[in-house]
2 protein chains.
Amino acid sequence: MRASDHAHATLRCDIIEWRLVPGDLLAEVEQSARLGVSRTPLREALSRLVAEGLAAPHSGRGVVVSAISLEAVADLFEVRLPLECAAVRLAVARNRPGAFAALAEEFAEAPRLIDGDDDGQKGYYALVSRLDQEIDAAAANPYLLQAQKPIRTHLARVRRLARDNPARLLASAREHEQIALALGAGNADLAEAAMRVHLHNSLHHLLSQPLATPSRTTGAASAAGATATTDPPPLVPNHLEEHHG
Amino acid sequence: MRASDHAHATLRCDIIEWRLVPGDLLAEVEQSARLGVSRTPLREALSRLVAEGLAAPHSGRGVVVSAISLEAVADLFEVRLPLECAAVRLAVARNRPGAFAALAEEFAEAPRLIDGDDDGQKGYYALVSRLDQEIDAAAANPYLLQAQKPIRTHLARVRRLARDNPARLLASAREHEQIALALGAGNADLAEAAMRVHLHNSLHHLLSQPLATPSRTTGAASAAGATATTDPPPLVPNHLEEHHG
DNA sequence: CGTCACCCCAATGTATACACCGATCCCGGC
DNA sequence: GCCGGGATCGGTGTATACATTGGGGTGACG
């Protein structure tokens, strides 16, 4: 793997998993030293992060981790809704056979996973991911994927703010099952309706969260060295309004 | 301006205006020599082009100008439709005063521009761009912009395949006027309907084009040197099926 | 004559050195 | 004591040198 890929993947993961929090400065020398790569591939990694929207230039001096907020969640879903609806409509229109019926059955049995151990929950998330991939493959539109990719990236970041609520997961499983059933039946209107229901409930769940401070998993301690010494105030309440730049 | 910005802007312009055609290899040494910058900023420019979808890695060795095709136009509009509809709905929902009424009047008088000289047509395109910007500002959703940006980039590239048809421009002006009127009146349903009509007609017009070979404006002759010597066959019919990679 | 393997080279990936720019801090003046 | 200007310094932007890898060409073998 290229060094720039490694740097990009690591930084991206650090940002999505809140080891790097909004506002953290991604200094080239510092990060290149931490990740063990030179500045050249690191610069390429930073460019990609900026293109993805995970980082933003900071007043002409370096790049900082971009802000994310509850307001941003609402904005995110305003774009996600039409895109996902278009995706399911296209998936039906393309009329690929697909494995939607099988996926629906798996969702029907998902409560076992959710009530199980941590691996079970991971398995459920994997199942959701498989449905997404199946929809993507059925829609077969590279531009749709290109538009959804940054949305999903930001969403992955926001999800870390939400506690895994078993009740919500069970409801989510039922909603996904309904989507998969409609897709399997080739009913575009129903699939879109089910998707709208699901997205509405997802957003509502996220917005009703108590805004738990992300746990900033230790592991990138050296990365946070510069900012940690300055003892930053609790960040989550802070950058709630600093978006939309 | 930074050298990387200059390189990116120039290459982007060359691709959109078909001076660089799909399949052309963007070699680092060759392009850095042509644009008078070093390889480092040129690499950053290429990274951005790849992120935008204007270029794509070529079997692990260099990047090539990405393909665009009639099939891609249809895919493009499949994504553009829900995004633009969402944009006008958000623009109305945000309930900003906006200058939509004034823009509608300008569109009503647009036939003068269209029937005029070349500057007049440029003025009409600028007017369309102003409406887009006004909608963007009213929608006020950075993620929507992020999703629309690559779509618009590809669209700008495709438009060069279409002849400027005065009749179509007149119809387009009326459609835009209707959109602006609906937005000015705060009627989201009507605005979306007008947008759907406009996009349908735009797509239909593009698809009915005789597929004119783009004029590959001379000016980047040195850039095309490597491929020009090999005398490439007419490219437009060729890359009609090579997309979706 | 076709095919396969090996070698050479060119282009990319990476590292590092240098230049320039903005930011910060200190000192002097008001 | 406060404000402004300049100097210093860290950091980014750029250029170039080096390593490495993949591809093409050529030659030999079947």
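Letters go in sequence order (proteins before strands), and every chain restarts at 1.
Nucleotide dA10(C) holds its P atom 15 Å from the CG atom of Leu25(B), rounded to whole Å. Rounded to whole angstrom, the span from the NE2 atom of His58(B) across to the C1' atom of dT12(C) amounts to 14 Å. Rounded to an integer number of Å, the gap from CD of Glu44(B) to P of dA15(D) is 12 Å. As a whole-Å value, the separation of Gln31(B) CD from dA11(C) P is 13 Å. In this entry the distance linking CD of Glu30(B) with C1' of dA10(C) reads 13 Å, nearest Å. The interatomic distance linking Leu46(A) (CG) with dT12(D) (P) rounds to 9 Å, in whole Å. Regarding Glu28(A), its CD atom lies at a distance of 15 Å from the P atom of dT16(C), rounded to whole Å. Following rounding to the nearest Å, Leu26(B) (CG) and dT12(C) (C1') show an atom-to-atom distance of 14 Å.
Relative to the side chain of Thr40(B), the nucleotides dT12(D), dT14(C), dT14(D) differ in distance, and dT14(D) lies closest. The side chain of Ser38(B) approaches dT14(D) more closely than any other nucleotide in the set dG13(D), dT14(D), dT14(C).
The closest donor-acceptor contact from the side chain of His8(B) to the backbone of Ser4(B) lies at 3.5 Å or more, if one exists at all. A donor-acceptor pair under 3.5 Å is formed between the side chain of Asn141(A) and the backbone N or O of Asp75(B). Side-chain atoms of Trp18(A) never come within 3.5 Å of backbone atoms of Arg160(A) as a donor-acceptor pair (strictly under, hydrogens ignored). Distance alone, capped at 3.5 Å, places no donor-acceptor pair between the Ser129(A) side chain and the Tyr125(A) backbone. Checking side-chain atoms of Ser66(A) against main-chain N and O of Leu54(A) turns up a donor-acceptor pair under 3.5 Å. At distances below 3.5 Å, at least one donor-acceptor pair connects side-chain atoms of Gln146(A) with backbone N or O atoms of Glu52(B). For the pair Ser32(A) (side chain) and Leu42(A) (backbone), a donor-acceptor distance under 3.5 Å is absent.
Partners of Lys122(A) under the salt bridge (Lys or Arg N to Asp or Glu O under 4.0 Å) rule, at least two apart in sequence or in another chain, are Asp118(A). Among residues two or more places apart in sequence or in another chain, the salt bridge (Lys or Arg N to Asp or Glu O under 4.0 Å) test is passed with Arg2(B) by Asp5(B). For Glu28(B), the side chain to side chain donor-acceptor pair (under 3.5 Å) partners are Arg39(B), Arg43(B), not counting sequence neighbours.
Contact annotation: the side chain of Gln148(A) approaches that of Glu84(A) to within less than 4.5 Å [non-hydrogen atoms, C-beta and beyond].
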Quiz item: Reading nucleotides 18-25 of chain D from the 5' end, what letters show protein touch, with B for base, S for backbone sugar-phosphate only, - for no heavy atom under 4.0 Å?
Solution: ---BS---

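Interface residues of residues 1-13 of chain A facing DNA chain C, ordered by number: Arg2(A), Ala3(A), Ser4(A); criterion, heavy-atom separation under 4.0 Å.
The overall bend of the helix from dC1(C)-dG30(D) to dC30(C)-dG1(D), read as the angle between its terminal helix axes built from five base pairs each, is 10° when rounded to 10 degrees.
Heavy-atom nearest nucleotides on DNA chain C were determined for Gly62(B) and for Gly36(A), and the one closer to the 5' end corresponds to Gly62(B).
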